[in-house]
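In what follows, a single structure is set out as structure tokens and then discussed.
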Amino acid sequence: MIDVTLESVSKRFSRAGDTAAVDDVDITIAAGEFFTLLGPSGCGKTTTLRMVAGFYFPTSGRIRFGDQDVTRRPPNKRDTGMVFQNYALFPHMSVAQNVAYGLKIRKVGRAESKRRVEEALSQVHLAGYGERRIDQLSGGQQQRVALARALVIRPRTLLLDEPLSNLDAKLREETRVEIRRIQREAGTTSLYVTHDQAEAMAMSDRIAVMESGRVRQIGAPQEIYHRPATSFVARFIGRSNVLSLPVLGAGPETVTVRLPDSSQVGVAAPADHGLATGGTALVSIRPEHIGLTSATEPGVVTGRVTELEFTGMSTNLLVDVAGEAVQVAAVDPPAGIAVGDQLGLRLPRERMWLVRP
Amino acid sequence: MIDVTLESVSKRFSRAGDTAAVDDVDITIAAGEFFTLLGPSGCGKTTTLRMVAGFYFPTSGRIRFGDQDVTRRPPNKRDTGMVFQNYALFPHMSVAQNVAYGLKIRKVGRAESKRRVEEALSQVHLAGYGERRIDQLSGGQQQRVALARALVIRPRTLLLDEPLSNLDAKLREETRVEIRRIQREAGTTSLYVTHDQAEAMAMSDRIAVMESGRVRQIGAPQEIYHRPATSFVARFIGRSNVLSLPVLGAGPETVTVRLPDSSQVGVAAPADHGLATGGTALVSIRPEHIGLTSATEPGVVTGRVTELEFTGMSTNLLVDVAGEAVQVAAVDPPAGIAVGDQLGLRLPRERMWLVRP
Amino acid sequence: MSTIPATPSPATIPPVTGSPASSGGGRRRRFTDRFTGGTNSRWFPYLLVLPLALILFGYVVQPMFATFAESVGVDGVANYTSFFTSSGVARSSLVTSLIISAASVLLCGIVGVAMAFLLKRFSFPGRRLIEAIILVPAALPPLIGAISFQLLYSETGILPRGLQHVFGTAEPVLPFSGIAGVLVVHTFTMYPFFYLSAAAALAGMDPSVEEAAYNLGAGRVRVWRTVLLPMLTPALVSASLLVFMTSLASYTAPLLFGVDQTMTMQIYINRTNGDLPMASTYASVLGVVSVLFLLGMRWYEGRRSYRSQSKGVAAHRREISNPLGRWLALGASLLATVVLLAPVATIALVAFSADGSWTTEVVPAAYTMQNFVTIFSDPNAFQPILNSLQMSLLATIGCVVIGVLIAYAVRRLDFRGRGVLDVAVMLAWALPGTVVAINLISAFSTGNAFSFGQVLIGTFWIMPLAYFVRFLPLVFRSSSATLAQIDPALEEAARNLGASWWRAFGSVTLRLMLPGVIAGALLAFVHGVGEFVASVLIYTSQTAPISVEINNRMYSFEVGTAAAYGMLQVILIFVVMVVSGRLETGRRASREAAQWTA
Amino acid sequence: GGGGDDAADGSVEKLTIYTARDKKVSTFVVDQFTAKFPEYKGKVEILNLGAQEILERVRAEKANPQADIWWGGTQQGLAAGASEDLLTAWQPAFASKMDARYKDAEGRWFGEILLPEVIMYNNKALTPEQAPKDWDDLLAPQWKDKIVIRDVAASGTMRSIYASMIQRQSADGSNPQPGYDWLKKLDANTGAYAANPADLYLKLSRQQGLLSAWNLQDVLLQANQSNMPFGFVMPASGAPVLVDGLAAVKGGNTTGAQKFIEFLFDDKLRADLAKDYYQIPAVDIAEEPEWLAQLQLKPMDVDWDVVGKNETDWINHWNGEIKNKG
Ligand SMILES: Nc1ncnc2c1ncn2[C@@H]1O[C@H](COP(=O)(O)OP(=O)(O)OP(=O)(O)O)[C@@H](O)[C@H]1O
Ligand SMILES: Nc1ncnc2c1ncn2[C@@H]1O[C@H](COP(=O)(O)OP(=O)(O)OP(=O)(O)O)[C@@H](O)[C@H]1O
Ligand SMILES: [Fe+3]
Ligand SMILES: [Mg+2]
Ligand SMILES: [Mg+2]
């Protein structure tokens with residue numbers, strides 16, 4: 001059952017002419033689905049969320065909850081729980097009062113309300129902070145209050161605008177498990193904005209990738225990760241190498257391209273790839289799918305290490321292959337590897353994927 | 001040369017009795033060093049930064065810049081450039097005016113100031129946004145203005161309080177490279193707060209891990225990652241399995257413990273481990289260092305998969321090994337793996353490390 | 001690892017449509033954005049504003065037009081051109097009035113903001129007391145207040161004569177007279193406009209913005225100049241408007257210090273002359289000047305945004321290392337206390353001295369309780385006080401309800417005629433009280449549409465109504481100034497949690513506006529208790545206010561009993577200040593000030 | 001006040017009086033009135049206002065008059081009210097006894113008391129001998145900055161005095177210049193203009209100035225009732241005598257108003273008022289108090305018609321061209 005629908009929704013802030021903050025967006029979210037908006041800073045995520053919440057009216061297009069048109073319904077009649085990007089906590093209320101606000105409006109009894117507030121606070125690891133004034137909390141603590149305030153009312157739709165951005169990895173992970181649990185239990189439809197792709201991947205049923213106000217791709221996390229539609233999506237979701245390779249032959253499902261080491265490889269391609277022999281194909285491959293080897297064999301290109309970065313779980317290398325910078329993430333790089341070393345990179349055929357520009 | 005020194009600095013917000021927000025912290029930062037504070041939300045990172053900036057006075061202890069005691073020097077005489085966790089942008093000024101503010105105070109000429117503002121804005125990918133009002137920016141854009149405002153004055157000390165928390169991964173990475181470049185070029189001493197461990201690992205010369213106002217460990221990223229001092233640090237930095245294993249023998253550098261599969265293994269240990277045969281050792285091992293195997297051999301324990309999470313680069317598994325939940329991060333998990341499957345986990349001896357509770 | 005299908009399913013790739021749908025016109029979009037109602041509630045702003053607009057139109061704007069019509073009626077051209085001929089009284093009155101008003105704004109601004117800084121940023125012994133007496137100057141009864149100034153600072157005043165004694169000079173030292181005297185009185189009686197709004201704004205400001213400026217190397221002065229004062233703009237604009245208009249319409253001070261070429265004096269003179277059209281011309285010019293000033297200020301304020309964009313709530317805590325500041329603050333406020341209380345003390349001196357006994361001496365030679373005995377031996381002694389109290393209270397309540405709503409509408413809702421509404425409210429403040437009162441009498445001496453067919457003159461209600469119309473601008477302005485600081489996202493959050501507009505407004509927006517609202521309400525109340533010029537034209541024997549009573553005594557030159565009544569009024573207002581100080585702002589403000597000095 | 005003529009239950013209708021008289025005077029008179037006409041007990045409402053304010057108020061309330069009696073106003077004010085059709089025309093019993101100069105020909109207003117304008121001085125600072133004897137003496141250089149004048153343009157009394165000074169030197173008012181010159185010299189000697197009567201008394205008593213021109217009644221009241229150090233000189237060339245009058249407001253409770261006004265001219269009451277409040281009645285009374293009998297009132301011969309015609313122009317000229325320029 002479809003729960004939230006955005007139908008060619010656009011939003012412009014200044015009068016005519018200027019670019020739209022949100023540009024002709026079509027999204028449908030099923031009931032109970034956990035849907036994530038992902039995209040670079042300033043791409044229109046918050047604006048979209050605010051239109052769903054009812055704080056902005058679309059310049060054009062409509063928004064539907066179920067089969068009701070809510071485009072111009074006032075925010076308090078929408079039953080959405082929103083975590084604002086800037087928290088929007090009530091400075092004149094204590095932590096507990098902030099969280100209890102929505103319950104009071106819903107006329108939840110005092111005892112029940114107290115219980116639920118306490119539960120919500122402990123869900124965000126703030127048990128015992130109820131009596132504090134908001135300005136006596138750290139940034140991350142404030143963010144958690146904002147989250148608790150939205151969760152506690154068990155709204156029909158949850159709108160979460162980067163609700164975990166100021167939390168440490170550990171807490172973020174715990175909290176997102178908590179959010180998912182609450183959301184699943186109540187079957188709440190959720191629209192989630194995050195800048196953290198790992199989070200988006202881990203939590204979402206589906207993801208929409210936005211760029212400059214437009215939706216570039218909608219799909220399940222794995223789909224978006226493994227089959228990005230455009231080079232933007234490929235580069236934005238995780239890290240990706242998008243290589244421009246000459247097309248040697250173009251079939252309906254496979255396009256043959258020439259690798260920098262002159263070997264040929266057939267790459268899986270969407271049906272409408274529109275490429276022809278002699279053109280240039282954009283081929284995406286993820287850094288972690290590139291193997292390091294010292295052997296020279298077909299499908300292995302060689303390059304020189306130009307940068308090295310240790311990130312904990314893996315080591316990121318930037319390898320210069322015939323002038324193109326290729327990123328490689330190696331979990332177990334050869335010991336003693338250093339900038340300037342020559343390396344062989346194995347580019348597995350089955351990990352390559354053709355993308356649109 | 002030591003540039004910033006915190007000498008048994010404590011900070012209590014309420015009078016007596018209450019727990020301290022910052023508790024007896026000793027930190028020395030060398031000139032030009034990039035030093036990171038890492039710790040869970042509410043552990044006292046911002047409070048520490050604010051004491052260095054001069055907005056709070058330590059309840060006890062002193063702060064020195066070089067050999068000058070600045071404990072009570074007013075903030076405007078400290079030449080620190082701070083990115084506030086909440087941005088603290090001047091709402092009555094345009095983006096460009098915000099960034100130019102510090103330059104004006106430093107009496108930088110008009111043309112030079114304009115040039116530097118433009119440069120700073122393009123460093124944070126906001127070229128062309130100079131004339132905007134602050135309230136016309138998205139959250140991430142505001143954060144970048146705050147960053148540009150601090151960077152542009154090329155202060156003696158940079159204090160960055162989660163300056164990238166609202167940026168997408170792509171931009172975050174680019175920006176952090178930019179910050180590092182600027183910081184290295186000018187030799188600016190930097191004190192950085194982040195909740196993102198990968199970021200901390202990638203950028204920092206040294207890291208201090210804090211917990212409830214106290215510093216638990218200070219060291220280079222690799223050191224903290226590979227040789228965490230306490231189980232808190234081990235668990236907080238990246239993800240880690242801390243297994244409680246019976247001690248079979250305790251030497252000065254190695255402690256022999258029994259694995260759940262009953263095999264024995266000698267684990268490298270710090271000299272002052274203080275363990276004795278018959279006791280229990282806490283052994284840390286990172287999820288990504290655990291190999292998946294179907295073979296049964298010494299050092300391989302078996303367990304049942306209880307959770308599966310796809311995160312893009314790797315798949316996270318939770319494996320139940322004799323009642324203990326072990327986390328595993330597999331880059332290439334066996335195809336078709338599912339919850340309930342039996343798996344063998346290879347725990348490499350050289351990746352284990354003894355930690356204090 | 002999962003296998004990779006050849007094509008992503010087409011459904012997941014959004015259709016690329018051509019041109020984006022064109023927007024439906026900027027004006028309408030902005031209007032609908034702000035407005036947060038359902039399909040039929042796009043009229044919401046109008047619904048909210050319409051009754052208010054009607055009231056204002058009926059009671060203020062329309063009579064104002066009548067005034068204007070009268071001024072152009074007979075020899076309108078000649079009346080108005082007299083303002084442009086270089087030698088006329090009209091022109092020089094206008095210039096004098098403008099100079100006095102501008103200088104008053106400047107002086108009141110300096111004093112008021114300095115006091116706000118002192119009292120809101122430092123904690124020192126006696127701070128609470130000063131907070132309580134800070135409004136006393138505004139509370140001085142008009143006639144007595146001015147006389148106390150004369151007794152203090154004029155050629156025959158205590159201070160010049162005292163200094164003359166001390167230095168043994170032939171002439172009194174430093175007497176104030178003419179425009180200087182007017183400015184002293186204006187500064188003294190009008191700085192509370194600045195003080196109250198600046199204090200409310202300082203309390204509502206995001207402290208981290210100030211910290212950011214310090215961090216970037218700005219010194220204290222610079223932070224004030226470039227961050228604090230600009231951030232206080234809405235408050236300062238509000239206070240400037242009030243002071244400017246009050247000064248323009250000020251009557252007693254120029255009268256007492258013999259500056260008679262002012263607009264208000266000319267209005268009075270022309271009315272005495274029986275030249276009503278010319279009087280109306282002056283009143284119209286006064287109105288036009290005020291409206292122009294208002295529009296200028298609106299434009300100035302509208303150029304920027306003053307609400308914090310910070311994430312979350314910043315800690316209201318700052319630690320000052322320098323104990324010197326504290327002692328300076330203490331010294332400055334001791335001085336302030338003496339200056340503030342001097343006129344009150346003078347009134348007390350008069351109240352406790354026998355009539356006619358204090359002539360050439362520096363201070364009276366003999367004291368008596370007789371004046372108070374005289375007052376209290378009248379069985380109806382308290383009636384005027386009770387009347388004033390009751391009517392001002394009623395008017396203040398009305399001002400708060402309506403003023404806050406209009407402030408909200410003008411700041412937050414986008415509808416046609418916002419500026420007009422703003423002007424309409426302020427007009428009542430820009431016009432001399434006499435003109436407003438006469439307008440009201442005309443409007444309510446017979447029933448008409450705006451008075452819902454009611455005849456109000458001769459009834460109790462005309463007085464509170466007059467106070468309401470006259471003092472609405474005070475509450476409106478200062479509420480509007482605090483509203484400018486409040487992030488609309490807070491209201492949005494409340495709405496999002498299910499609160500209706502009213503509820504969100506009441507529990508969040510209004511609550512955060514409260515410091516400004518209280519400041520405005522206090523001003524309205526205090527001015528209501530002291531109101532004379534309009535009251536004298538509309539009071540009845542049942543509603544005689546304290547000011548009329550004082551005036552009667554002054555008229556028969558019973559200065560002693562008049563001063564005794566004045567003392568009662570001052571005490572009354574002092575009590576109100578203390579009570580309201582405890583009510584809300586006081587406690588929070590002192591907590592905050594304490595935190596600033598830690 | 002206002003409304004129809006008689007009340008249903010036979011009792012009298014409320015009576016509303018706007019008065020510029022001192023509160024003591026008005027209270028005293030009303031007490032006497034209700035003593036004599038007990039049916040008016042509790043029915044008389046007095047509002048104490050300034051003379052100018054009464055005019056403003058009555059004028060504004062024209063559509064629905066609230067006042068019944070306008071008690072206390074200058075000749076000019078009352079005449080303005082009459083010409084604006086605010087006043088009832090009638091002929092009371094005392095009208096016949098009254099000099100035609102002191103009343104409206106059509107009976108719309110009547111003089112109540114006469115206010116001679118005299119020279120006032122501070123008798124602590126000056127002996128009666130030192131005080132100037134006539135208007136022209138005020139111009140002597142010895143009084144430089146020693147004169148305090150109640151500001152002219154806004155005060156009916158002062159306007160009349162100043163206009164008289166002009167009319168004195170130009171009988172038909174056609175050449176005000178000699179009068180202007182005279183006033184310019186007076187302005188040169190004037191140290192301060194006082195904002196209102198209270199200010200005038202204050203300035204004079206505190207010796208910011210020593211001399212003034214003021215009405216006799218107030219000088220005597222202040223000297224005798226408020227201990228003020230004031231004395232007066234009846235100018236040798238005569239004192240301009242102003243009429244202060246009263247009227248029944250049109251559309252009000254005319255019956256009550258007429259009853260009250262008739263009562264005001266009660267012989268006994270007039271005598272009391274003359275004795276205690278130094279009022280000089282506009283009609284002759286049987287027993288004059290001692291001070292009145294001894295007062296050698298020398299009225300200046302002022303043509304009030306000429307003054308009335310020119311006052312506005314003259315005073316505007318004085319205000320714009322003479323004040324503070326001498
Ligand atoms: N003004 C204050 N009054 C009282 N307690 C405070 C105040 N400011 C902070 N605290 C408390 O001090 C502790 C440390 O706060 P701090 O802001 O330094 O945390 P942090 O490490 O920056 O956390 P985060 O990552 O969430 O921003 C927190 O527990 C917080 O609740
Ligand atoms: N009130 C406004 N007036 C004008 N432009 C605006 C306004 N609010 C946002 N914008 C612009 O619209 C675009 C989209 O903003 P939005 O806040 O939706 O971005 P976002 O995707 O949430 O970004 P972030 O991740 O940085 O929060 C941005 O380029 C922003 O500058
Ligand atoms: Fe993050
Ligand atoms: Mg956003
Ligand atoms: Mg923090």
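Naming: A, B, ... by sequence-line order, numbering from 1 per chain.
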For this session: Supply the atom-to-atom distance B/Gln85 CD to C/Ser310 OG, rounded to the nearest 0.5 angstrom.
Result: 11.0 Å
Exercise. Would B/Tyr87 and C/Gln309 count as a side-chain contact (heavy atoms from CB on, under 4.5 Å) if you check the C-alpha gap in whole Å, the side-chain angles of each, and the deciding distance to 0.1 Å?
Worked result: CA-CA 8 Å; B/Tyr87 317 157; C/Gln309 293 295 317; over 6 Å; no
Exercise. Can you find a pair of side-chain heavy atoms, one from C/Arg304 and one from B/Ser94, that are under 4.5 Å apart?
Worked result: no
Exercise. Heavy-atom count around C/Arg303 CZ within 6.0 Å, excluding the residue itself: above 12?
Worked result: yes
Seminar exercise, completed: Most contact-rich option vs chain C, by heavy-atom pairs under 4.5 angstrom, among B/Leu103, B/Leu137, B/Asp135, is B/Asp135
Exercise. Is it the backbone or the side chain of C/Thr233 that comes under 4.5 Å from a heavy atom of chain B, or both, or neither?
Worked result: neither
Exercise. Side chain, backbone, both or neither: which part of B/Asp79 has an atom under 4.5 Å from a heavy atom of chain C?
Worked result: neither
Exercise. Yes or no on side-chain contact (heavy atoms from CB on, under 4.5 Å) for B/Lys104 and C/Arg222, after CA distance, side-chain angles and deciding distance?
Worked result: CA-CA 11 Å; B/Lys104 232 160 108 188; C/Arg222 187 159 196 139; 4.0 Å; yes
For this session: State, to 0.1 Å, how close B/Asn76 and C/Gly219 come at their nearest heavy-atom pair, and which atoms those are.
Result: ND2-CA, 3.1 Å
Exercise. Does atom CD of B/Glu307 have more than 12 heavy-atom neighbours from other groups under 6.0 Å away?
Worked result: no
Problem set entry | Heavy-atom closest pair, residues C/Ala212 and B/Ala88 | CB-O, 3.5 Å
Problem set entry | Heavy-atom contact with chain C under 4.5 Å, split by part of B/Lys77 | neither
Exercise. In terms of heavy-atom contacts, does CD of B/Glu131 have more than 12 from other residues, nucleotides or ligands at under 6.0 Å?
Worked result: no
Problem set entry | Closest approach of B/Asn86 to C/Ala314 (non-hydrogen atoms, all atoms of both residues) | ND2-CB, 3.6 Å
Problem set entry | Atom of C/Asn215, atom of B/Met82 and distance for their closest heavy-atom approach | OD1-N, 2.7 Å
For this session: Counting only heavy atoms closer than 4.5 Å, note whether B/Arg106 contacts chain C via side chain, backbone, both or neither.
Result: side chain
For this session: Heavy-atom distances under 4.5 Å only: say whether C/Ser305 touches chain B with side chain, backbone, both or neither.
Result: both
Seminar exercise, completed: Heavy-atom closest pair (B/Phe55 atom, C/Glu211 atom, distance to 0.1 Å) is CZ-O, 3.2 Å
Exercise. Is it the backbone or the side chain of B/Arg133 that comes under 4.5 Å from a heavy atom of chain C, or both, or neither?
Worked result: side chain
Exercise. Quick one: what part of B/Leu89 sits under 4.5 Å from any heavy atom of chain C, side chain, backbone, both or neither?
Worked result: backbone
For this session: Any chance you could measure B/Glu162, atom CD, to C/Lys311, atom NZ, to the nearest 0.5 Å?
Result: 8.0 Å
Exercise. Of all heavy-atom pairs between B/Tyr101 and C/Leu216, which one has the smallest distance, and what is that distance?
Worked result: CD2-CD1, 3.8 Å
